[in-house]
Structure formats: C-alpha cells, structure tokens
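Worksheet: the structure to be examined is printed underneath.
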Amino acid sequence: MSRERFTDFDFGLTRLASAFHQDWGYAGEAEDVALEGIGSSEGAAALEHDASLLIGSALSDGQIELLWEAVTSENYLFGADESGRDLLRRFQAVGRDWQRTHGSARPETDPQWEDPQLRDRVLRAVEAAPLAAELREVLAVCARTLSAELAFRLLLRLHVAGSVPVAAAAWAEYQEVNAAFALGEYVIETVEYLV
C-alpha cells in the first residue's frame with residue numbers, strides 16, 4: 001500500500017502551472033506566482049524536485065517551452081531571451097529559498113512509484129491521449145527517463161489546460177494510476193468534468 005502524500009491537492013510544477021491564469025501578471029513576476037502557491041516546505045520541495053528533474057533531462061529547451069506553454073493554457077509565453085530551463089531554474093530557486101527561510105523537507109518518494117509496470121501504464125495512457133504528437137513525446141520522455149509520476153500529473157494538467165476530453169476507459173485507468181501514485185482525490189477530480 002502506498003503511503004499518503006502531504007496534500008490531497010496538486011503540487012509542484014503542475015500546481016504552479018494552474019496558477020498561470022489569464023491575469024497572473026497582476027501578481028508580479030513568475031517567481032511571485034510560484035511563491036504564492038508553495039504553502040509549505042513540502043510544497044517547496046516538490047516544486048524544486050519537479051523543476052530539477054526537467055532541468056537535468058534530455059528534453060530540449062524547445063520541448064520544455066512547448067510543455068510549459070501547454071500546461072499553462074498558453075497564458076505563459078516565452079520571450080526571445082528566455083529559455084525553458086531558465087524559467088525552471090527560477091522556480092527551482094524559489095523552492096530552495098523557501099526551504100532556507102521556512103525549513104526544508106525531502107521530496108516525497110516511494111519505491112512503488114518507480115515500478116516498471118506502473119511506468120508502462122503511464123506510457124500507454126500518454127500514447128492514447130488525444131494530445132499533439134510533440135506533447136505526447138515530451139511526456140513519454142519524462143515517464144521513461146525522469147518520473148512516471150510527474151509525467152502522469154503533467155498529462156492530467158494538459159487535459160485541463162487544453163480542455164482535452166477523457167475517454168471513459170481512460171478515466172477508469174487514470175483513477176487507478178492516480179491511486180497507485182497516492183495522489184490526492186482533488187488531483188484526479190480536476191479532469192472528471194472532461195470525461
């Protein structure tokens with residue numbers, strides 16, 4: 001049985017992506033948006049961990065930019081002088097600074113979350129999702145080489161950000177994968193209206 005998470009809600013980069021709504025600019029800079037949503041040392045550790053995974057990945061800056069723009073419903077668009085990794089480093093720094101000030105936490109892990117069969121389930125879900133081929137490839141690289149759990153949270157976020165329908169069979173699978181990763185009920189419920 002998987003252990004419980006620090007929250008029943010979304011967290012890390014996927015939580016942050018949802019905060020980039022149409023009027024996010026009123027909050028200030030991207031770092032200000034990140035700071036508003038952290039809420040705890042565990043939240044800061046999750047943000048830092050997610051950002052670190054993508055920074056160290058084999059994904060190109062262009063792929064990271066494509067992913068970030070998609071998970072934010074294109075409410076965050078990259079300027080000519082900014083790269084995907086630059087933005088992730090800024091988020092990583094917010095997570096680190098929060099922990100220096102408020103106390104540190106370890107990113108949540110569980111050996112069960114790295115199970116190859118669970119990774120394969122995420123890869124099948126990604127392949128079957130009605131997303132652009134480029135986004136499916138980014139998620140597949142994430143699932144295969146970084147974290148199937150992060151890839152699954154990004155998949156759910158892409159459904160919401162793009163109002164991408166979820167087939168009934170996929171919904172049943174998503175619920176099981178969500179439970180296997182010990183993600184909270186409010187993480188999976190964000191896509192229920194799309195079924």
Checklist entry - Under the side chain to side chain contact (heavy atoms under 4.5 Å, CB included) criterion, do E108 and F6 qualify, and how do the steps go? => result CA-CA 8 Å; E108 293 186 312; F6 73 96; 3.2 Å; yes
Next on the checklist: Evaluate L67 against L154 for side chain to side chain contact (heavy atoms under 4.5 Å, CB included), listing each step before the verdict.
Outcome noted: CA-CA 9 Å; L67 176 65; L154 288 166; 3.9 Å; yes
Item to check | Residues Y174, I188; criterion side chain to side chain contact (heavy atoms under 4.5 Å, CB included); working and verdict | outcome: CA-CA 8 Å; Y174 285 7; I188 192 67; 3.7 Å; yes
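Between the side chain of D61 and the main chain of R85, a donor-acceptor pair closer than 3.5 Å is present. At distances below 3.5 Å, not a single donor-acceptor pair connects side-chain atoms of D115 with backbone N or O atoms of Q112. Between the side chain of E65 and the backbone N or O of G84 there is at least one donor-acceptor pair closer than 3.5 Å. No donor-acceptor distance shorter than 3.5 angstrom exists from the side chain of H49 to the backbone of P107, with no hydrogens or angles considered. Checking side-chain atoms of T14 against main-chain N and O of F11 turns up a donor-acceptor pair under 3.5 Å. Between the S57 side chain and the L59 main chain, a donor and an acceptor come within less than 3.5 Å of each other. A donor-acceptor pair is defined here as one N or O able to donate and one able to accept, closer than 3.5 Å; such a pair exists between the side chain of D86 and the backbone of S83. Between the side chain of R157 and the backbone N or O of V71 there is at least one donor-acceptor pair closer than 3.5 Å. With hydrogens and angles ignored, the 3.5 Å screen pairs no side-chain donor or acceptor of E82 with any backbone N or O of L87. With hydrogens and angles disregarded, no donor-acceptor distance shorter than 3.5 Å links the side chain of D8 to the backbone of Y186.
Atoms OG and CG, from S18 and N75 in turn, are 11.0 Å apart once rounded to the nearest 0.5 Å. Once rounded to the nearest 0.5 Å, the distance linking CD of E48 with CG of D97 reads 9.5 Å. The distance from the CG atom of L150 to the CG atom of L54 is 5.5 Å, given to the nearest 0.5 Å. Distance CG/L155 to CZ/R136: 11.0 Å, rounded to 0.5 Å. To the nearest 0.5 Å, the span separating CZ on R96 from OG1 on T101 amounts to 14.0 Å. Note that CD of E74 is 6.5 Å distant from CD of E69, once rounded to the nearest 0.5 Å.
Taking each heavy atom of A148 and R119 in turn, the nearest pair found is CB-CA, 3.9 Å. Heavy atoms only, all atoms of each residue included: A161 and S73 are closest at O-OG, 2.9 Å. The minimum heavy-atom distance linking A168 with V195 is given by the pair CA-CG1, 4.2 Å. The nearest pair of heavy atoms linking W98 to G39 is CZ2-C, 3.9 Å. The minimum heavy-atom distance between W68 and T72, with the atom names listed, is O-OG1, 2.9 Å. Smallest separation of non-hydrogen atoms from I38 and A44: CG2-N, 3.4 Å.
Between R121 and E176 there is a salt bridge, with a side-chain nitrogen of the basic residue lying less than 4.0 Å from a carboxylate oxygen of the acidic one. Of the charged side-chain nitrogens involved, none lies within less than 4.0 Å of a carboxylate oxygen, so that E185 and R5 do not count as a salt-bridged pair.
Looking at heavy atoms from C-beta onward, R153 lies in side-chain contact with D50 at the 4.5 angstrom threshold. Inter-residue side-chain proximity for I64 and L88 is flagged as met; some heavy-atom pair is nearer than 4.5 Å. Taking 4.5 Å as the limit, every side-chain heavy atom of V164 sits out of range of all side-chain heavy atoms of L158. Q63 is listed as a side-chain neighbour of S60, based on a closest heavy-atom distance under 4.5 Å. Counting heavy atoms from C-beta on, the side chains of H159 and P130 come closer than 4.5 Å.
With no hydrogens or angles considered, no side-chain donor-acceptor pair links S41 and Q99 at under 3.5 Å.
Within a 6.0 Å radius of CD in E36, other residues, nucleotides and ligands contribute more than 12 heavy atoms.
Aromatic rings of F152 and W113 (six-membered ring for Trp) have centroids beyond the 6.0 Å cut-off, not under it.
The cluster map of Ile, Leu, Val, Met, Phe, Trp and Tyr, joined by side-chain heavy atoms under 4.5 Å apart, puts I55 and L13 in the same cluster. Linking ILVMFWY side-chain heavy atoms closer than 4.5 Å, directly or via other members, places Y193 and L131 in a single hydrophobic cluster. When hydrophobic clusters are built by joining Ile, Leu, Val, Met, Phe, Trp and Tyr residues whose side-chain heavy atoms come closer than 4.5 Å, directly or via intermediates, L66 is grouped together with L146. Clustering ILVMFWY residues whenever any of their side-chain heavy atoms sit less than 4.5 angstrom apart, transitively, puts L156 in a cluster other than the one holding L123. Under the 4.5 Å side-chain heavy-atom criterion for ILVMFWY residues, a single connected hydrophobic cluster contains both L194 and L139.
Between F78 and Y76, the ring-plane angle classifies as perpendicular under the 30° and 60° cut-offs.
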